[in-house]
Q: 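Got a structure here, written out as structure tokens. Questions coming.
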Amino acid sequence: MASLRDIQTRINSTKKTKQITKAMEMVSAAKLNQAENNAKSFVTYMDKIQEVVSSIASGSTNSRHPMLQKRSVKKTGYLVITSDRGLAGPYNSNVLRHVYRTIQERHNSKDEYTVIVVGKVGLNFFKNRNMPVEDSIVGLADQPEFADIKAIASQAVQKFTDEVYDELYMYYNHFVSAIQQDLTEKKLLPLTDISGEKEATSTYEYEPSEEEILEGLLPQYAESLIYGALLDAKASEHASRMTAMKSATDNAEEIIGSLTLSYNRARQAAITQEITEIVGGAAALE
Amino acid sequence: MKTFTVSVVTPDGPVYEETGAEMVSAKATSGELGILPGHVPLVAPLEINAIRVEKDNNTQILAVSGGFIEVRPEQVTILAQAAEMASDIDVDRAKAAKERAEKRLQGTKQDDIDFKRAELALNRAMNRINIKSR
């Protein structure tokens, strides 16, 4: 049986761990709140831009914009959103495992795909497996602003236009609720299902012309889709970390409970032994 | 007098929202636009420039970095990737951005993609500085 002092040390260290996980849980809860607000304020922008894009796209069926055109696929791009730090439960491994499996299934050689990755965990994952990483962004703020990701978003779109890859998929955890995040796969480019989502509410005049508007609007639209996914993923990350830290705190409590029990047992055993010794000693004197 | 609602939204949230505006003027790629209430529905891409909103004989000025204007008879929406009210502009930051862009412009060739990007960055910085100093 472990000595009293050993048990006491373990209880203390577990208590300290619990303090930390508890603090992390609360920090994540606060960040989650903020992330949800960010996502909400982004919705107005997204709704508007979607409305304009779909009304243009449904109005002109013969638009020949390259971002709307399907072309034969020689190379596929994968945009994967992960976090910079771990301690978020299955948040990263979910996405990475799925992407890895998908890539293995779909492609035979490394020339057929390329990966754009957000977050340190993902970057290390793909580098360790010697997979081609086209572009990456790490050290993103917890509440990213559009300016922070504009560079990678516009490059991702630009590379499609430059035919570096012929389609682009996006993988991230979609935020459903604080306890549920769903892995999401989304085909970002070419923009094929653009008009189907919402009925156009009004017909516009275009100045100077539809084509020229699409020229500027579509990249902006695709970039905002990426930003939207990122906000969504950030909310999931905080939620996932919060849940992970909550269960860590609960586990710590459980361990402290059982350690306290065995501490008390050991203490009682020691007392009993002491009494027996005293009694034994007294009996020997008589 | 007829009025309309003007809102400016960016990915980071709405920047400006005002009801009862009497006129909006903006610079589209095809030229200066002055929009009064009751305008036909219109969509136009914008230059990096100022937006002026007239309300009760006051003029409010915003800096927008490109984007689009969506016009409806009772509502004008400006969708931009970045926009701020004249009073919210950080001049020091804009000046720093201007210097950075100028430096980059000297270092790169004209047909380079970095050149175009630096040029745009310079435009944005100049726009902010101009609006602030007006």
Q: Please examine the side chains of B:Val64 and B:Ile69, heavy atoms only from C-beta on, and report whether any two atoms are closer than 4.5 Å.
A: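 No, too far: nothing below the 4.5 Å cut-off.
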Q: Could you tell me which of B:Val43, B:Val71, B:Val9 has the largest number of non-hydrogen atom pairs under 4.5 Å with chain A?
A: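 Of the candidates given, the most pairs with chain A belong to B:Val43.
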Q: Below 4.0 angstrom, N of the basic side chain to O of the carboxylate: do A:Lys75 and A:Glu112 qualify?
A: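 Answer for the salt bridge query: no.
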Q: Given a strict heavy-atom distance threshold of 4.5 Å, which part of A:Lys150 is in contact with chain B: side chain, backbone, both, or neither?
A: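 The answer is the side chain of A:Lys150.
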Q: May I ask you to decide whether A:Glu237 forms a salt bridge with A:Arg241, counting only side-chain N to carboxylate O separations under 4.0 Å?
A: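 Yes, this pair counts.
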Q: Using a strict 4.0 Å threshold on nitrogen-to-oxygen distance, state whether B:Arg72 and B:Glu74 make a salt bridge.
A: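 Not counted as a salt bridge, because no side-chain N and carboxylate O are separated by less than 4.0 Å.
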Q: Give a yes or no answer on whether the side chain of B:Thr29 reaches the backbone of B:Leu46 with a donor-acceptor pair at less than 3.5 Å.
A: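 Pair absent, no side-chain N/O of B:Thr29 close to backbone of B:Leu46.
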Q: Taking every heavy-atom pair that is under 4.5 Å apart, which of B:Ala82, B:Pro11, B:Ser30, B:Ser7 has the most such pairs with chain A?
A: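 Highest number of heavy-atom pairs under 4.5 Å: B:Pro11.
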Q: Non-hydrogen atoms of chain B under 4.5 Å away: do they reach the side chain of A:Glu223, the backbone, both or neither?
A: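 Just its side chain gets close to chain B.
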Q: By a 4.5 Å heavy-atom criterion (distance strictly below it), what part of A:Tyr227 contacts chain B: side chain, backbone, both, or neither?
A: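 Just its side chain gets close to chain B.
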